[in-house]
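What follows is one structure encoded as structure tokens, with my remarks underneath.
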Amino acid sequence: MIIVGVDGSLASRAAVEWAANDAFRLHLPLRIVYAVDRGPFQISKNPAEASQDGPRRVGRQALAEAVALVRERRPDVEVAADLVEGSAVSVLRQEGERATELVIGSRGRGGLAGALLGSVSTHVAGHVRCPVVVVHGERRPPRGEVVVGVDDTPECEPALAYAFEQAQVRGATLRALHAWQAPVHAFVPEVTYDPDEVGTARNQAVAERVAAFQATYPEVKVVQDVRPASPAEALAEASAGADLLVVGSHGHGAVASVLLGSVSRAVLHHARCPVAVVRPRA
């Protein structure tokens, strides 16, 4: 089941559309949720929302609009909608534990006011078992490419598996991106450092990771992209030509920085396409 969080915002609408399309591609049902947060700090400027039933009324409207959008765009998708009491982060984390995929807009308000980029990356992505997809409100024409960040450890394998599946159901090319930076000791004159040798070794490491999944998805065209660069900058740059950018929530080696920290926040902020954060296996 794919679960999408809504709040009535433009980014939320984009998330619903993205989730409906993915549910259609993957032949999965879609569940739409609205978090009704009655916390003391959630004070609405809209008098219509100030009554005790205001948050639920706003939520029901947001859900109705989301369901109507799904039925308009993807009438074959099985869809259900629910109001869920609780803070946005707690509701999303709870829902994510039973989802195949959790989708949310990159900017929120109302019932998902806490679901901004920082909250998603810090408190949701990487803390639930399923991939978390953050969708921007901007609509873009299809690029025909999925980008996945690859490092030299087994922790990147769940992200690779997810990316291969997404590339297959979309009929897209998969770009396996491995960005690496020279170690600090490379700038010490006494230490021998050959960039060509390092590049060759990293290309081989990525090829081995990719080969394990290529056998399962032989029809997916893979472009291996290994470059000396900042991981965050390389991923954000590659996202301009992608329909989806996939990163792991933890890692080591070449994309070790793509954690739930500064680089992941930078990727989420600067990526030009939806970003899927995939947690390693427990």
Side-chain angles (χ1 to χ4, degrees), residues 1-24 28-75 77-96 98-99 101-125 128 130-140 268-269 271-277:
M1 175 187 297
I2 293 178
I3 297 179
V4 56
V6 302
D7 63 5
S9 65
L10 289 177
S12 169
R13 179 182 174 88
V16 170
E17 188 169 353
W18 196 96
N21 288 334
D22 221 33
F24 176 79
L28 291 173
L30 178 63
R31 171 175 160 84
I32 306 171
V33 298
Y34 181 97
V36 180
D37 189 353
R38 301 185 185 278
F41 298 106
Q42 189 180 23
I43 301 173
S44 175
K45 296 180 180 179
N46 186 346
E49 300 178 22
S51 66
Q52 183 66 19
D53 191 51
R56 296 186 67 86
R57 183 167 58 253
V58 172
R60 285 192 292 269
Q61 180 180 347
L63 290 174
E65 292 173 353
V67 169
L69 177 61
V70 174
R71 289 177 175 161
E72 174 192 346
R73 301 295 173 84
R74 293 296 185 184
V77 170
E78 178 186 341
V79 59
D82 287 293
L83 292 172
V84 182
E85 295 276 349
S87 70
V89 169
S90 65
V91 167
L92 291 170
R93 289 178 65 166
Q94 178 182 341
E95 294 290 331
R98 57 173 172 161
E101 178 180 274
L102 179 64
V103 185
I104 189 169
S106 62
R107 296 285 179 183
R109 66 172 179 82
L112 290 176
L116 304 179
L117 292 180
S119 294
V120 169
S121 61
T122 303
H123 300 297
V124 180
V128 296
C130 69
V132 176
V133 181
V134 181
V135 181
H136 299 274
E138 175 188 3
R139 178 179 290 184
R140 306 163 70 233
L268 286 169
H269 276 290
R272 301 287 299 277
C273 68
V275 178
V277 181

- In sequence, state the C-alpha distance, the side-chain angles, and the governing distance for Y34 and V58, and then conclude on side chain to side chain contact (heavy atoms under 4.5 Å, CB included). CA-CA 9 Å; Y34 181 97; V58 172; 3.7 Å; yes
- Counting distance only, does the side-chain N/O of D82 pair as donor-acceptor with the main-chain N or O of V84 below 3.5 Å?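 Between the backbone of V84 and the side chain of D82 there is no qualifying donor-acceptor contact (under 3.5 Å).
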- Query: Backbone N or O of R272 within a donor-acceptor pair of the R140 side chain at under 3.5 Å?
  - Reply: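 Side chain of R140 to backbone of R272, a donor-acceptor pair under 3.5 Å: yes, one is there.
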- Task: I would like to know whether V103 and D22 meet side chain to side chain contact (heavy atoms under 4.5 Å, CB included); could you show each step before the answer?
- Result: CA-CA 10 Å; V103 185; D22 221 33; over 6 Å; no
- Task: Test W18 against every option in V133, V4, I104 by the side chain to side chain contact (heavy atoms under 4.5 Å, CB included) rule and name the one that passes.
- Result: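 Looking at V133, V4, I104, the match for W18 under the side chain to side chain contact (heavy atoms under 4.5 Å, CB included) is V133.
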- Item | Partner of V77 by side chain to side chain contact (heavy atoms under 4.5 Å, CB included), out of N21, I2, L28, L30 |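 Going through the options one by one, the only one that passes is L30.
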- Point-to-point distance, once rounded to the nearest 0.5 Å, from SG of C130 to CG of L102: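 If we round to the nearest 0.5 Å, C130:SG and L102:CG are 5.0 Å apart.
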- Quick one: pull up CD in Q94 and CD1 in I3 and give me the separation to the nearest 0.5 Å.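 Nearest 0.5 Å value for the CD-CD1 distance: 9.5 Å.
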- What closest approach, in Å, do S12 and G8 show between heavy atoms, and which atom pair accounts for it?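 Between these two residues, the closest heavy atoms are OG-N, 3.7 Å.
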- Query: Any idea which heavy atoms bring A35 and A88 closest together, and the distance?
  - Reply: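 Of all heavy-atom pairs spanning A35 and A88, the closest is CB-CA, 3.9 Å.
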- Task: Using the test salt bridge (charged side-chain N to carboxylate O under 4.0 Å, His left out), find all partners of R98 that sit at least two apart in sequence or belong to another chain.
- Result: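 Partners of R98 by the salt bridge (charged side-chain N to carboxylate O under 4.0 Å, His left out) criterion, ordered by chain and then number, come out as E95.
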- Task: Given side chain to side chain contact (heavy atoms under 4.5 Å, CB included), test E85 with V36 step by step and report yes or no.
- Result: CA-CA 5 Å; E85 295 276 349; V36 180; 3.9 Å; yes
- Query: Does atom CZ of R74 have more than 12 heavy-atom neighbours, drawn from other residues, nucleotides or ligands, at distances under 6.0 Å?
  - Reply: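 Atom CZ in R74 is packed in, count exceeds 12.
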- Task: Return the set of residues passing side chain to side chain contact (heavy atoms under 4.5 Å, CB included) with R60 (not counting sequence neighbours), or none when no residue passes.
- Result: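 Only D53, R56, R57, L83 meet the side chain to side chain contact (heavy atoms under 4.5 Å, CB included) criterion with R60.
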